[in-house]
Protein chains: 2
Amino acid sequence: MIFKEVPQYRKLYEKLRTLIEDGTYKRGDFLPSENELCAAHHLTRPTVRNALDMLVNDGFIIRHQGKGSIVQGQPKGIGILSLSGTTSAIGQDNLTTRIIVKPNIRSWEQAFNYEITGKEKSMGCIYMERLRLINDTPVFYDITMIPNLNLPRFTSRTFEDRSLFEILRKHYQIQVKGGEQKILAITADQRIQEHFKVKKNHPILRLDRKMETNRVGFSFFSQIYCNTSDYSLIGRF
Amino acid sequence: MIFKEVPQYRKLYEKLRTLIEDGTYKRGDFLPSENELCAAHHLTRPTVRNALDMLVNDGFIIRHQGKGSIVQGQPKGIGILSLSGTTSAIGQDNLTTRIIVKPNIRSWEQAFNYEITGKEKSMGCIYMERLRLINDTPVFYDITMIPNLNLPRFTSRTFEDRSLFEILRKHYQIQVKGGEQKILAITADQRIQEHFKVKKNHPILRLDRKMETNRVGFSFFSQIYCNTSDYSLIGRF
DNA sequence: ATTTTTTACTTGTATATACAAGTGCAAATA
DNA sequence: TATTTGCACTTGTATATACAAGTAAAAAAT
């Protein structure tokens with residue numbers, strides 16, 4: 001297995017992103033100037049600017065010529081949920097994750113309503129089911145299917161604390177660049193009734209999502225059931 | 001009036017973007033290599049790469065190390081529905097609009113779940129209700145509330161053929177730049193049951209949306225009910 | 001005291017250069 | 001013939017440098 005060195009600008013991007021996400025830099029704060037970042041991390045300005053460009057594209061900061069880089073706080077998500085998935089959309093404090101079906105490799109014919117390629121089919125997929133609870137109330141139930149190609153130690157990672165998106169980005173340099181989603185309202189079937197502890201005919205939001213990544217040809221899929229009686233999905237667009 | 005010089009990388013971006021949008025470069029085609037673009041436009045590679053980076057961020061191209069820049073075609077919309085609203089999301093052919101409550105000016109205290117400013121409250125709002133049918137089947141029911149500030153002849157315009165977004169853009173130079181939305185699944189109340197001709201407990205998708213525009217301080221609001229039993233909402237992100 | 005100018009910062013644009021690394025094909029080799 | 005090697009291309013990363021232009025506050029002039 002070849003471990004490609006993580007480039008400097010990407011390391012700096014991760015550092016700064018983490019500092020914004022954990023609140024070290026709050027909305028309205030200024031990041032250190034580009035020259036200060038150069039000196040602090042022993043980089044040149046084009047490299048530093050490369051990292052800052054990524055933060056701008058993600059919506060974490062905006063820059064003003066002559067003034068500096070101003071932290072915007074949490075970015076606009078892509079699509080209905082935040083780019084970081086439900087974890088950062090809700091806030092990690094009172095959100096817990098219960099693994100219903102641990103990540104395992106299995107064969108697949110299709111991913112929900114989405115077609116998969118012959119290559120993806122032959123390799124099988126990593127399958128997992130998770131239940132997300134907010135203040136001990138089940139809110140999300142999601143099924144995830146990821147093509148089983150070259151993700152070492154993936155099935156042994158823990159998906160309880162961190163979001164899937166974060167693990168893919170930090171450990172495998174896979175970024176979700178966009179995708180497609182179908183959204184519909186359904187009534188809870190028996191399995192969902194049990195997980196959400198709701199009665200028959202309870203309305204449930206369902207999302208079928210295809211996530212496209214920066215690795216060409218690498219997409220993964222999730223189906224999310226959401227009980228919106230207490231929490232509605234909020235997203236910026 | 002000061003005309004700031006348009007930078008080189010932006011000019012190149014516009015040129016290439018136009019060539020993609022008008023079909024000169026089609027999906028799957030390769031753009032000229034970076035060195036070729038350098039020679040053709042008398043620029044250096046970092047400048048050319050800056051332009052290509054913008055195309056990547058917009059989703060027009062993807063790049064592959066060792067291969068080249070591959071055209072992806074048209075980029076993605078914003079939000080759950082296309083930027084142009086339901087009309088362009090579905091296709092105008094078999095979609096008809098029925099005005100349930102004609103645009104009228106009335107007072108308002110709030111817009112669905114969104115707060116409004118004192119200025120907006122004092123001016124009142126333009127209110128309208130519309131039912132959208134696909135192949136004569138009611139699918140969308142939406143309520144729109146627009147602050148009543150300086151939109152001459154707005155209430156007398158027809159909203160049956162064209163979408164609200166298009167009218168705002170063409171006649172009032174107002175573009176929707178983004179916004180916020182809440183999405184939830186509910187069961188149809190009596191009014192919705194009648195409009196959609198569905199029985200009790202039928203699951204319905206509801207969206208509360210706040211649209212922010214290029215005019216600072218000008219936002220408008222809509223609440224959309226959607227019967228997803230035949231048509232699910234599809235969106236790219 | 002008020003206004004203008006200078007100064008010292010900030011980010012924005014652009015060039016020139018170098019090497020790393022992925023891709024695909026032609027040429028050399030077994 | 002089949003395989004390997006080398007080469008010529010591609011994009012990716014990084015440095016070093018220079019000047020333009022916006023911002024804000026200090027310094028100088030009125």
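The basis for the numbers below is simple: all heavy atoms, side chains too, and nothing from hydrogens, waters or symmetry mates. So you know, we letter chains A, B, ... as the sequences are listed, proteins then strands, and number each from 1.
Remark on DNA chain D: of its neighbouring residues A/Gly66 and A/Asn50, the 5'-side contact belongs to A/Asn50, judged by nearest-heavy-atom nucleotide.
One can place CG of B/Asp53 at 11 Å from C1' of D/dT11, the figure rounded to the nearest angstrom. At whole-Å resolution of the value, CG in A/Leu12 and P in D/dT15 are 11 Å apart. The OH atom of A/Tyr13 sits 14 Å away from the P atom of D/dT13 (whole-angstrom rounding). When the P atom of D/dT10 is taken as reference, atom CG of B/Leu31 falls 13 Å away, rounded to whole Å. Distance CD1 (B/Ile61) to C1' (D/dT10): 14 Å, rounded to an integer number of Å. Rounded to whole Å, the distance from CD on A/Glu34 to C1' on D/dT17 is 15 Å. Rounded to whole angstrom, the span from the CD1 atom of B/Ile62 across to the P atom of C/dT23 amounts to 13 Å. Going from atom NE2 of B/His64 over to atom P of D/dG12 covers 9 Å, rounded to whole Å.
The side chain of B/Pro46 lies closest to C/dT17 when the candidates are C/dT17, D/dG12, C/dT10. The side chain of A/Asn35 sits closest to C/dT10 out of D/dT13, C/dG12, C/dT10. Side-chain proximity of B/Leu43 to the nucleotides C/dT10, C/dT15, D/dT11 is greatest for C/dT15. The side chain of B/Glu36 has D/dT10 as its nearest neighbour among D/dT10, C/dT11, C/dA14. Of the candidate nucleotides C/dG22, D/dA24, D/dG22, C/dG22 has the atom lying nearest to any side-chain atom of B/Gln65. Distance from the side chain of B/Thr44 is smallest for C/dA16 among the nucleotides D/dG12, C/dA16, C/dG12. For B/Arg49, taking side-chain heavy atoms from C-beta onward, the closest of the listed nucleotides D/dG12, C/dT15, C/dT10 is D/dG12.
For C/dA14, the base has no donor-acceptor partner in the side chain of B/Gln8 [N/O atoms by modelled type, under 3.5 angstrom]. For A/Arg45 against C/dG12, a side-chain-to-base donor-acceptor contact under 3.5 Å is present.
A tilted orientation is assigned to the rings of A/Tyr172 and A/Phe154, their planes being inclined by 30° to 60°.
Formation of a donor-acceptor pair under 3.5 Å by the B/Asp22 side chain with backbone atoms of B/Thr24 is found in this model.
Taking side-chain N and O atoms only, B/Lys67 has no distance below 4.0 Å to OP1 or OP2 of D/dT11. OP1 or OP2 of C/dC9 has not a single side-chain nitrogen or oxygen of A/Ser33 nearer than 4.0 Å. Note on B/Tyr9: every side-chain N or O is 4.0 Å or more away from OP1 and OP2 of C/dA14.
For B/Asn35 and B/Ser33, the side-chain atoms include no donor-acceptor pair closer than 3.5 Å.
Few gaps surround NZ on B/Lys11; more than 12 heavy atoms of other groups in view lie less than 6.0 Å from it. Within 6.0 Å of CZ in A/Arg98 there are 12 or fewer heavy atoms belonging to other residues, nucleotides or ligands.
The aromatic ring centres of A/Phe220 and A/Tyr114 sit 6.0 Å or more apart.
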